[in-house]
Trainee: 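Structure incoming, see below.
All residue numbers in this chain count up from 1 along the given sequence.
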Amino acid sequence: MELAVREGRPAAAGEPRTPGAGEAGPAASGAACGLASDAAGKPDSDARTPATGKPRAPATGTARPPATHEPRFTATGTARPSTTCEPRPTTPPRPPLRSLLFVPGHRTDWLPKARAAGADAVVLDLEDAVPAPDKPLARARVAEALAEAAAEPAGGMALFVRVNPLGDWTAAEELRAVVRPGLAGVVLPKVHTAVDVRLADRLIGWCEHERGLPAGTTALVPLLESARALHDAYDIAAAAPRVAYAGALTAPGGDVERAVGYRWSPQGTETLALRSRVLLDVRAAGAPCPVTGLWTDVTDLKGLRACAEQNRALGYEGMMAIHPAHVPVLNEVFAPTAEELDRCARLVAAVESAQRAGIGALTFEGRMVDEAMAETARAVLARHGHG
């Protein structure tokens with residue numbers, strides 16, 4: 001892990017830093033380039049402070065582009081952040097995923113069952129679900145499954161791969177095997193800090209370049225499985241533009257329960273605050289489409305539904321699953337009903353009609369609504385193909 005930390009550490013103050021894969025340096029920002037060229041092109045007589053007439057101090061470098069968490073100000077105030085799953089710069093759109101079903105990497109013959117269950121995505125596991133002797137076989141089968149997926153029409157079930165932790169070269173070799181056409185994203189376990197994400201981002205970027213893929217194609221899903229990672233959820237989610245589908249996984253008896261020390265209950269009261277805070281961190285960092293999980297009782301679909309409805313109410317957009325029987329329940333909970341979509345369409349129409357008449361706020365079906373509610377309704381419609 002010493003190599004990983006050294007490769008992934010941030011540059012010290014004053015130290016030149018090469019941008020990682022999918023990361024723009026200062027010159028990549030149009031605003032920064034514009035400021036730099038304007039300063040360079042002005043004659044000396046203009047480089048004075050208007051109030052005093054004294055020469056301005058020369059610029060020492062190009063303007064820093066605003067960080068993703070900094071507000072962008074307009075003539076009328078701070079721009080409202082989007083409530084949709086919009087991608088951050090340099091990444092392709094990340095579609096919302098209601099259900100992500102784990103499948104052992106050496107059992108790719110189970111993929112038809114996952115597809116028949118209607119899973120939005122499958123996570124082919126090279127980590128805990130694969131016995132050590134079967135890991136080479138799993139890697140080969142996963143690569144074959146990805147090649148087959150790349151040959152299929154776009155829009156089908158997305159394929160992710162959970163690699164092993166970045167503690168040695170095993171994960172790097174797995175990344176070279178799986179980052180290829182057909183892969184939607186990499187699930188990275190045992191993430192502790194943002195350094196792990198930056199290292200993974202750089203490795204994935206190299207693999208994308210090697211395969212001829214556009215930079216940022218591959219999503220990165222960091223699993224927050226330690227107290228440190230849960231505490232640093234914002235920094236981890238903001239560490240690379242390719243981070244998506246991040247959230248708190250609070251299954252019973254797993255790494256998170258051991259790290260935090262809670263006693264799991266089906267009602268989830270002991271992890272409600274944890275799931276809420278991590279969700280807020282991920283949203284604030286701009287990482288799209290947060291998901292959570294897991295429900296490990298295979299036969300208790302009623303309990304699964306209650307858990308999924310609670311997570312949906314918090315603001316999560318999907319859950320990870322361990323059994324095909326869970327997929328239909330998750331797909332139903334995390335998708336709006338036809339009645340909900342119809343109400344969104346009616347609300348937008350009512351607000352826009354009122355605006356044309358010079359009215360900003362109105363009563364709609366017994367509730368006060370205005371442009372803020374219409375914007376939320378438009379986002380729901382757009383996210384589910386009704387925009």
Side-chain angles (χ1 to χ4, degrees), residues 79-88 91-101 114-122 153-158 184 219 244-247 275-276 279-280 282-283 286-293 295 301-302 304-321 324-357 359-387:
R80 176 183 292 167
S82 171
T83 58
T84 64
C85 287
E86 294 180 358
R88 287 173 284 179
T91 63
R94 308 294 185 199
L97 299 174
R98 302 165 298 174
S99 52
L100 296 88
L101 178 62
R115 191 173 287 107
D120 285 347
V122 157
M157 185 175 66
Y245 310 111
R275 284 176 284 142
S276 300
L279 175 67
L280 180 60
V282 169
R283 291 290 194 190
C289 308
V291 302
T292 184
W295 184 262
L301 300 185
K302 182 178 179 181
L304 168 67
R305 180 177 294 275
C307 177
E309 288 175 346
Q310 185 184 78
N311 287 320
R312 178 64 191 94
L314 290 176
Y316 283 99
E317 299 190 21
M319 282 180 60
M320 294 185 175
H326 292 181
V327 169
V329 175
L330 299 181
N331 287 351
E332 181 181 339
V333 170
F334 288 100
T337 65
E339 291 76 15
E340 289 170 332
L341 292 173
D342 184 61
R343 182 182 184 279
C344 286
R346 296 198 314 274
L347 187 153
V348 170
V351 170
E352 292 178 351
S353 176
Q355 289 171 343
R356 288 192 293 271
I359 300 171
L362 67 149
T363 300
F364 173 78
E365 298 182 0
R367 295 188 179 185
M368 191 282 293
V369 298
D370 58 16
E371 176 58 26
M373 289 72 169
E375 185 177 344
T376 300
R378 290 189 198 99
V380 172
L381 293 169
R383 188 160 57 243
H384 297 280
H386 295 267

Trainee: To the nearest 0.5 angstrom, please state how far the CE atom of Met320 sits from the CG atom of Leu97.
Mentor: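 So the gap between those two atoms works out to 9.0 Å.
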Trainee: Mind listing the closest non-hydrogen atom pair of Gly315 and Pro290 along with its distance?
Mentor: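 Between these two residues, the closest heavy atoms are O-CG, 4.4 Å.
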Trainee: Taking all heavy atoms of Tyr316 and all of Phe334, pick out the closest pair and write down the distance.
Mentor: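 Shortest heavy-atom contact: O-CE2, 3.5 Å.
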Trainee: Checking Arg283 against Glu317 for the salt bridge (Lys or Arg N to Asp or Glu O under 4.0 Å) test, could you report, in this order, the C-alpha distance in whole Å, the side-chain angles of both residues, the deciding distance, and whether it holds?
Mentor: CA-CA 12 Å; Arg283 291 290 194 190; Glu317 299 190 21; 2.9 Å; yes
Trainee: I need the minimum non-hydrogen distance between Ala335 and His384, along with the two atoms involved.
Mentor: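 Scanning both residues completely, I find the closest heavy atoms to be CA-CE1, 4.4 Å.
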Trainee: Just to verify, what does Arg275 make a side chain to side chain donor-acceptor pair (under 3.5 Å) with, not counting sequence neighbours?
Mentor: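 Applying side chain to side chain donor-acceptor pair (under 3.5 Å) to Arg275 gives Thr271, Gln310, Asn311.
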Trainee: Listing request: all salt bridge (charged side-chain N to carboxylate O under 4.0 Å, His left out) pairs with a residue in residues 324-336, at least two apart in sequence or in separate chains.
Mentor: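 Pairs touching residues 324-336 that pass the test: Arg305-Glu332.
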Trainee: Output, in order, the C-alpha distance, side-chain angles, deciding distance and verdict of salt bridge (Lys or Arg N to Asp or Glu O under 4.0 Å) for Arg378 and Glu352.
Mentor: CA-CA 11 Å; Arg378 290 189 198 99; Glu352 292 178 351; 3.2 Å; yes
Trainee: First locate atom CZ of Arg98, then atom CG of Asn331, and finally report the distance between them rounded to the nearest 0.5 Å.
Mentor: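 Here the interatomic distance stands at 3.5 Å.
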Trainee: Hey, does Val122 have a side-chain heavy atom less than 4.5 Å from the side chain of Met157?
Mentor: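 SC-SC contact between Met157 and Val122 confirmed.
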Trainee: Could you tell me which non-hydrogen atom of Pro336 sits nearest to which non-hydrogen atom of Leu341, and how far apart they are?
Mentor: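 Scanning both residues completely, I find the closest heavy atoms to be CG-CD2, 3.6 Å.
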Trainee: Locate the shortest heavy-atom distance separating Pro95 from Tyr245; write the atom from each residue and the value.
Mentor: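 So the two residues come closest at O-OH, 2.6 Å.
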Trainee: Who passes side-chain contact (heavy atoms from CB on, under 4.5 Å) against Ala361, sequence neighbours left out?
Mentor: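 side-chain contact (heavy atoms from CB on, under 4.5 Å) check on Ala361 returns Met368, Asp370.
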Trainee: How long is the gap from CD on Gln355 to CG on Leu362, to the nearest 0.5 Å?
Mentor: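 That separation rounds to 9.0 Å.
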Trainee: Taking all heavy atoms of Ala350 and all of Phe364, pick out the closest pair and write down the distance.
Mentor: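 For Ala350 and Phe364, the tightest heavy-atom pair comes out as CB-CD1, 3.8 Å.
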Trainee: Answer whether the closest heavy-atom distance between the side chains of Leu100 and Asp120 falls below 4.5 Å.
Mentor: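 Not in contact.
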Trainee: With side chains defined as the heavy atoms from C-beta onward, is the minimum distance between Met319 and Val291 less than 4.5 Å?
Mentor: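 No. Closest side-chain heavy atoms not under 4.5 Å.
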